[in-house]
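Convention: sequence-line order gives letters A, B, ...; per-chain numbering from 1. Remember, predicted model here, so these are calculated numbers, not experimental data.
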Amino acid sequence: MRITARRLFLAVLAVFLAAPLVVVGGVSFNREPRMTFPPRNPSWRWYGVFFDDAGWTTALWHSLEIAALAALVSISIALPIAYARWRHRSLVAGWLEAIARLPFLLPLIVLGIVFLSFWSWVGHVGRIENTIFSHAVVFVGLPLATLAMGFRSIDPACIDAARTMGARGTAVFRTVLVPLLLPYVACGMIFVFILSLNEYIIAYLVAGYEVETLPIKVFNSLRMGFEPAMCVGAMLFVAVGVLGFVAMAAIGDLPRLLGGRPR
Amino acid sequence: MRLRSAALLTWPALALCALVVLPTLLLIRISLAPPDPDGLWSSGVVFEAYRDLAEPAWLATLAYSLCMAVLVAAIGLGLGFPLTLMITRMRRSHQVTWLVLLLATLTLSDVLIAFSWQVMLSKRIGLSRMLVWLGLMPQVDSLTPGAGAVIVSMVYLVLPFTMLTLYPSLSAMPTEQLEAARLLGASPRIVLRTVIIPLNRAAALTAFAVSALLALGTYVCPLVLGRPQNWTMAVMIGNAALAGHNVPRAAAMSIALVAATLGVCGAVFVGARRRWH
Amino acid sequence: MNVGLQLQGLQKSYDGQPIVNDTTLTVRQGEFLCFLGPSGCGKTTLLRLIAGLEAPTGGRILLNGRDLTDTPAHERNFAMVFQALALFPFLTVEDNISYALRLRRVSRRDRLARVRELLALIKLPDIGARRIDQLSGGQRQRVAIARALAQEPVLFLLDEPFSALDAKLREQMQLELLMLQKKLEITTILVTHDQREAMSLADSIVVLANGRVQQIGAPSEIYRRPANRFVAGFVGQNNLLEGRIVDAEHIEVCGTVIRAAAASEPWTPRAAVTLCVRPEDVRVNPDDPKNASLLHGHIRLVRDLGDRIELKIDCGGLELLSSLTPADWSLIPDRDAVRVQIAPGAGKILTC
């Protein structure tokens, strides 16, 4: 009896979590430009339309570019802070970490207004850098968290051992820290990448008219009519994401990267 | 040592001060400025934006938004805690499958989440048909827009974050304590109540706070899936800025929302501290 | 009839690999039993099977004749102290100890009385309100014991409870545990890899290797009459000498005939066997210089252990370990040429 209740619970929640993914995927295969699900006459039609349409492909490109650069900028902010905390127990790094965590407390819409105001005040309106830097700073809490886990997982005895064998500062960093931290750095960057890809409101407010990202275009098309091509874009993102995570799981130890028990 | 860490931290300090501290101060400044219908805000200092907020309609919306956020976070925790616990006890391969599913839901933009729930809850598609078949609904009808649709979509948004926050803590639970409780006479249900939940109190609270904040700030789902009476502060803020061309009002509402959030968080934190120490 | 705990053919396998192999033994009421063996021998798994934390793949567990094999852990009323202690960090000492009582809906007054009683028993009457992280290692150890005893269990199980303590504290705790056990007359099973610990605490030792029981007996029995080479080698220091059987009581080693204890297992003449001789039974310069079973050698290594002197003696290629009192050691004049005698009737012949 217990087992059945447990299985039912798991099944219902699995369906709940997967449902939107299935719906979006299904709609993208619909031949007619309608929101019917399950898809009638499935075809790759809209995938073709998507890649032929300059509007959609530009939006896709913008999204990928912003996400990649935001991830880089984000890690460039998080890594020195995490390192200074761990290595020097720096107080300043502690304050910076607190400031970096601040955006997580604020609703995204508020952050959107904040950055909208900021970029206009600075006089740098509607540029792609706005979105990149805004995203980088808003999501910087994530690489900070994964890096904190990464540094925590380093056995200090490894550093001591390296030192007794003759490795100095930079050598220790290169030969011991980098290999141990690389999975956590990658994990943090992937999280920023994925969140930035899908972020709508900030991207729209800071540079939405000039720099259309995929979520912006999707939302606009949602209001104006309906195009299954928008689901194509979404499926592309899901595919990229899932591939990334499956790769992480295959190559590394996914449960451990997310803070769980090592293999 | 000081010099080295100072050199390291120059870029982060610069970036964070310029992009977090400064904009936050700017927000406060703008909330006190008069609106400019052609631009964003004009110079000068007025308190109108705040005065408008003191009206009962706004206070009601604020209260409604906070309650909605707490409800969504509670449902998320109620579902997420047992699910994460079950996942941490599964065989490795099953765990990885579930984790990939969770992470995959993060790859869907909230715009598309709103869209897909709109599709699923519409009259034509199917969920309502299933509910009629189960006897929970009198007749087939669209379940959207409405409060229920907003709640369901927000729970969907919030659930992966709740679970990923709980995952480290539940994975690292010392099994000896659970076994000790069993030998002291606790059945599995009592072990859950008296040992597992207390051990993970901190993580559960963090997960609750993270999801409540997320729910509070989400713009698209309440807008698309709710009727105007279901709109939260986030939607109002967005509308004020975009449709109403009144950025100072949006700024003032933002500050009010954050202040209310911090107030509630602070109260809960102090209350929790007092109870558990 | 006080049958106590009975294990019948208990078996536990993971993926076809047996961890506990067909184990049968009986623990009498009030007895202090030790499971002794190297890591990986299955002793902890056996304890967990008894506790009900794992289900056996075969065999039965009976308590006073009642079959407990299918009873879940929380209904067995067995207490256990874990290696990691497993005290609840979110409860005070008092609440930890009274956990079991609260589950059994004991009234508040009775609970407090019992907690007071137990705190007095472990000689820490004032720490009730403290949190676990405020206690020292030894104090935590005692609280773990008190918590286990609160429910008045029928069986007291301990899994290497003292391994994390330093040597002095460990000895102290061992003594306290022994006195507690004798006072409460509670049936106890302790798992350890430390043979000294087992010898000093147990009424009866179960030596395990590779999931199988090698020997069950009192400490002196295990020490003086090991059943096989493994037990001989694992428990205490010894000399294992290869030789051939001459008759029921004599064995020939390196050309010298030695009288050993009568062989208990069946033997065949000229069979290759091992003679197990404890260092105390290797006499140096015995009073009888003309004895036929004397060996000659010289001392290679001397270790002064304070209460005794250990010697490594080379007898023409045969290396013997001997243990002497400091007084006897002072009587030996010349290290280069000593006479060595294996005390007659002391060695044990091992056929396996």
Side-chain angles (χ1 to χ4, degrees), chain A residues 6 9-10 13-14 16-21 23-24 27 35 37 76-77 80-81 83-84 88 90 92-93 96 99-100 102-103 105-110 113-118 120-121 133 137 194 198 200-201 205 215 218-219 222 234 237-238 241-242 245-246 249 254-255 258-261, chain B residues 1 5 8-9 11-13 15-16 19-24 26-27 30 40 79 82-83 86 88 95-96 99-113 115-117 119-120 125 156 159 164 167-168 171-172 213 216-220 234 237-238 241 247 250-251 254 257-258:
Chain A
R6 178 175 176 272
F9 180 71
L10 286 171
L13 279 175
F16 176 70
L17 285 170
L21 291 163
V23 166
V24 171
V27 170
M35 297 193 274
F37 181 81
S76 76
I77 297 177
I81 296 179
Y83 182 72
H88 306 305
S90 162
V92 176
L96 287 178
I99 297 178
L102 203 60
L105 287 178
L106 303 175
L108 276 176
I109 181 72
V110 171
I113 307 287
V114 165
F115 284 117
L116 168 68
S117 325
F118 175 73
S120 349
W121 180 69
F133 282 102
V137 164
I194 292 191
N198 292 303
Y200 163 71
I201 191 69
L205 284 170
V218 167
F219 193 65
L222 198 65
F237 282 174
V238 172
V242 169
F245 296 129
V246 169
L254 188 62
L258 295 173
R261 288 229 179 108
Chain B
M1 200 182 275
S5 72
L8 260 181
L9 295 173
W11 159 239
L16 289 175
L19 291 166
V20 178
V21 180
L22 212 58
T24 313
L26 192 62
L27 183 76
I30 292 172
L40 290 175
L79 292 174
L83 184 57
M86 286 182 203
T88 56
Q95 264 198 55
V96 170
L99 289 172
V100 171
L101 175 61
L102 265 185
L103 294 169
T105 64
L106 290 175
T107 62
L108 268 183
S109 162
D110 51 352
V111 179
L112 282 145
I113 291 175
F115 161 71
S116 62
W117 281 108
V119 168
M120 281 192 281
I125 299 308
Y156 185 84
L159 195 58
L164 289 173
Y167 183 72
S171 293
L213 283 167
L216 207 58
T218 188
Y219 170 76
V220 182
I237 294 174
V247 175
S254 304
L257 186 61
V258 172

Part of B:I113 within contact of chain A (heavy atom distance under 4.5 Å): neither
CD1-CD1 distance between A:I201 and A:I109, expressed to the nearest 0.5 angstrom: 4.0 Å
Which atoms of B:A172 come close to chain A, meaning under 4.5 Å heavy atom to heavy atom: side chain ones, backbone ones, both, or neither? backbone
What is the distance from atom CD1 of A:I77 to atom CG of A:L96, rounded to the nearest 0.5 Å? 10.0 Å
If the condition is ring pair (Phe, Tyr, Trp, His ring centres under 6.0 Å), which residues does A:Y200 pass it with, not counting sequence neighbours? A:Y204, A:F219
Relative to chain A, which of B:L27, B:D110, B:L164 shows the most heavy atom pairs under 4.5 Å? B:L27
Heavy-atom pairs under 4.5 Å with chain B: which of A:A84, A:A234, A:S117, A:P103 has the most? A:S117
Output for pair (B:L99 CG, B:T88 OG1), nearest 0.5 Å, gives 10.0 Å
For A:F9, which atoms come within 4.5 Å of any heavy atom of chain B: side chain, backbone, both, or neither? side chain
Please classify the contact of B:L257 with chain A as side chain, backbone, both or neither, using a heavy-atom distance under 4.5 Å. side chain
Please state whether the side chain, the backbone, both or neither of A:L258 comes within less than 4.5 Å of a heavy atom of chain B. both
If I take atom CD1 from residue B:I237 and atom OH from residue B:Y219, how far apart are they, to the nearest 0.5 angstrom? 11.0 Å
For chain A, the option from B:L101, B:V96, B:L216, B:V21 that forms the most heavy-atom pairs under 4.5 Å: B:L101
Quick one: what part of B:L106 sits under 4.5 Å from any heavy atom of chain A, side chain, backbone, both or neither? both
From the list B:L112, B:T218, B:V100, the residue making the most non-hydrogen contacts under 4.5 Å with chain A is B:L112
Counting only heavy atoms closer than 4.5 Å, note whether A:L205 contacts chain B via side chain, backbone, both or neither. side chain
Partner residues of B:Y156 under the side chain to side chain donor-acceptor pair (under 3.5 Å) criterion, sequence neighbours left out: none
I'd like to verify something: which residue of A:P107, A:A93, A:A100 has the highest number of heavy-atom pairs under 4.5 Å with chain B? A:P107
Expected output: side-chain B:S109 to main-chain A:N198 donor-acceptor under 3.5 Å: yes
B:L83 side, atom CG; B:Y167 side, atom OH - distance, nearest 0.5 Å: 12.0 Å
Could you go through A:L21 and A:V238, starting from their C-alpha distance and side-chain angles, then the distance that decides it, and tell me whether this counts as side-chain contact (heavy atoms from CB on, under 4.5 Å)? CA-CA 8 Å; A:L21 291 163; A:V238 172; 3.8 Å; yes
When the 4.5 angstrom heavy-atom criterion is applied to B:L159 and chain A, the contacting part is side chain
